[in-house]
Amino acid sequence: MTINKTFQKFLGEVLSLVEKHCGKTFTKELQSLRIERERLLNNIWREDIFPEKLELYQKDSIFRDIDFDTTIHYAYKYLTMQDYLELLYEIAEISIKYSEFQKGEHLLQLIATKHRLHADKKLLAKVQQNLGIVNSYRNNFIAANKHFNKSLQLFTLLNDTKGSVAIKNDIGILLIEQGNLSEGEALFKEAREMAKSEEFSEYIAKTNMNLGNISHMRGDSDNAINYYQMALDVIDKDAEYNYDTFARIYINIALAHKSQKQFSKSLEYLHNSLDLSKKTNNKYTRGLSYLVEAEVYCHKGNYSTSTAIATTAFSIFSEIGDRLSMGEAYKIFGIINRKSKRFDIALSYFENSKRINKEFNNKLNLAETLVEIAYLYRDTGETSRAIKNFKLASKHFEKIGASLRIEKINEAIKELSL
């Protein structure tokens, strides 16, 4: 699916939502404006009068952006202020799903700042939560934490248990992204108990999934799979609103099987995840699936397929602005080239990955990249450099309590020292 087609699908979902709120008269007026506007723009679309050359795909993009902005503006005329703000929020949610983060963030900020006095506390709490989500996707963890805490304050004030559970789960994710596994684990368990007491199956599943992620990060893939199975057991597989959650769980199960070198099982779960994320049009989740799939194909020796899939993932995360996931793609490019004995190219990719992970202080990803660099030096016969990088990786694994991963490193160092 091309970016233009994806955007058209996004715009179609937005227009459908706005018609639901504003009625068919609104849609007819908007369509009339669109036809006249595009007729005028097409009449002047000649290369000789533009100061810089614009390609046809840029023309299409301009038209669709104008459609989006015009829709937002005209909806205001058809709705009360409260209904308009609810509409803006729902459009922001669609924008985030399609990874149109700039558009989503703009709408959320409109509610949180310009229209704050007209919004009720429940809406403001949800707005702050989604501003946190947008910033976490872009690895802006300080800003994300600030928005999540504002949201938690509002949900607490409203005695909204479900909202509080959701935010504690979000904050837990931020903590483990920054290597604070014990703090994140405590928060997930607290949120899970709250979710169980109210029978919020969605968040029982999500907290179990995140507890599984912690087990996987520590190197215990068997325990991780147990948590993922508990997550799958509590939610309705056929409910469309659960598709995104299922897609994420499947990715994590695939990661665990990859760690166990069970590549066929890993691919099976990845394909299930991709099927669901394509149905929900969740570009970010698709990108995560591609990252894992690329590494699996690399370990299976299919380097051309691995490169193509990793490049697709890199493109998605570059567009989103997720530098950490780009760092993971660089690591995979490095593994591909190391296995292909293009060691200089491999090292340049690993160094890119290392630099990004240092920038965001991601201890797990940094340690994993250092391990791959150690393998590179092992393969080139530079034993002292290999051992040095293994020991550096071990120090970072120690910071997150990944004792099982440290044991594997110690075994690798022992083999090199024989």
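All values derive from a computational prediction rather than experimental measurement.
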Please tabulate, for the side chains in residues 181-191, all donor-acceptor contacts under 3.5 angstrom to protein atoms that are two or more places apart in sequence or on a different chain.
| from | atom 1 | to | atom 2 | distance (Å) |
| --- | --- | --- | --- | --- |
| E185 | OE1 | R218 | NH1 | 3.3 |
| E185 | OE1 | R218 | NH2 | 3.3 |
| E185 | OE2 | R218 | NH1 | 3.4 |
| E190 | OE2 | K168 | NZ | 2.4 |

How are the rings of Y250 and F246 set to each other: parallel, tilted or perpendicular (split at 30° and 60°)?
-> tilted
Is the CD atom of Q102 crowded by more than 12 outside heavy atoms at less than 6.0 Å?
-> no
Under 3.5 Å, side chain of S151 to main-chain N/O of A125, donor-acceptor pair present?
-> yes
So, T369 side chain and F350 main chain: donor-acceptor pair closer than 3.5 Å or not?
-> no
Could you tell me whether the side chain of L30 reaches within less than 4.5 Å of the side chain of T27, counting heavy atoms only?
-> no
Taking S197 for the side chain and M194 for the main chain, is one N or O donor matched with an acceptor at less than 3.5 Å?
-> yes
Residues which pass side chain to side chain donor-acceptor pair (under 3.5 Å) with D236, listed by chain and number, not counting sequence neighbours | none
Quick one: side chain to side chain donor-acceptor pair (under 3.5 Å) pairs with a partner in residues 402-418, sequence neighbours left out?
-> E368-R405
Pairing residues for N357 by the side chain to side chain donor-acceptor pair (under 3.5 Å) criterion, not counting sequence neighbours = S353
Locate the shortest heavy-atom distance separating A310 from A294; write the atom from each residue and the value.
-> N-CB, 3.6 Å
Between E198 and K162, is any pair of side-chain heavy atoms under 4.5 Å apart?
-> no
For E382, the salt bridge (charged side-chain N to carboxylate O under 4.0 Å, His left out) test, sequence neighbours excluded, returns R385
Would you check if the distance from the ring center of Y137 to the ring center of F101 is below 6.0 Å?
-> yes
Sequence neighbours excluded, which residues qualify as ring pair (Phe, Tyr, Trp, His ring centres under 6.0 Å) partners of Y76?
-> Y84
Sorted by chain and residue number, the salt bridge (charged side-chain N to carboxylate O under 4.0 Å, His left out) partners of D244 (sequence neighbours excluded) come out as none
Would the number of heavy atoms belonging to other residues, nucleotides or ligands and lying under 6.0 Å from CD of E193 be above 12?
-> yes
Does F10 reach the side chain of N281, with side-chain heavy atoms less than 4.5 Å apart?
-> no
Is there side-chain contact between T161 and F155, with heavy atoms separated by less than 4.5 Å?
-> no
Short question: side chain of N352, backbone of G327 - any donor-acceptor pair under 3.5 Å?
-> no
Side chains of E93 and K126 in contact at under 4.5 Å (non-hydrogen atoms) = no
Kindly write out the residues that satisfy salt bridge (charged side-chain N to carboxylate O under 4.0 Å, His left out) with D379, not counting sequence neighbours, or none if the list is empty.
-> R338
Using modelled atom types only, decide if a donor and an acceptor are shared between the side chain of S394 and the backbone of F390 within a distance under 3.5 Å.
-> no
Any residue meeting ring pair (Phe, Tyr, Trp, His ring centres under 6.0 Å) with H299, in chain and number order, not counting sequence neighbours | F263
Quick one: closest heavy-atom pair of H396 and K363, and the distance?
-> CB-O, 3.8 Å
Below 6.0 angstrom between ring centroids: does that apply to Y284 and F317?
-> yes
Validation row: L324, F141 side chains within 4.5 angstrom (heavy atoms) = yes
In chain order, what residues pass the ring pair (Phe, Tyr, Trp, His ring centres under 6.0 Å) check against H257, with sequence neighbours excluded?
-> Y269
For Y377, ring pair (Phe, Tyr, Trp, His ring centres under 6.0 Å) partners two or more places apart = none
Check: Y303 and I336 side chains under 4.5 Å, non-hydrogen atoms = yes
Whether Q262 side chain and K258 backbone form a donor-acceptor pair below 3.5 Å = no
F397 and I409, any side-chain heavy atoms less than 4.5 Å apart | yes
Those residues at least two apart in sequence (or on a different chain) that pass salt bridge (charged side-chain N to carboxylate O under 4.0 Å, His left out) with R378 are none
Look at the side chain of S164 and the backbone N and O of D160, then say whether any donor-acceptor pair between them is shorter than 3.5 Å.
-> yes
Has the side chain of S277 got a donor or acceptor atom that lies under 3.5 Å from a matching backbone atom of S273?
-> yes
Derivation and outcome, side chain to side chain contact (heavy atoms under 4.5 Å, CB included), residues L232 and I253 | CA-CA 11 Å; L232 292 174; I253 295 175; 3.7 Å; yes
Does NZ or CZ of K103 fall inside the cone over F68's six-membered ring, less than 6.0 Å from its centre and within 45° of the axis?
-> yes
Do D120 and Q82 get their side chains close enough for a donor-acceptor pair, meaning under 3.5 Å?
-> no
Between the side chain of N242 and the main-chain N/O of T245, is any donor-acceptor distance below 3.5 Å?
-> no
K388 atom NZ, neighbour heavy-atom count above 12 within 6.0 Å | no
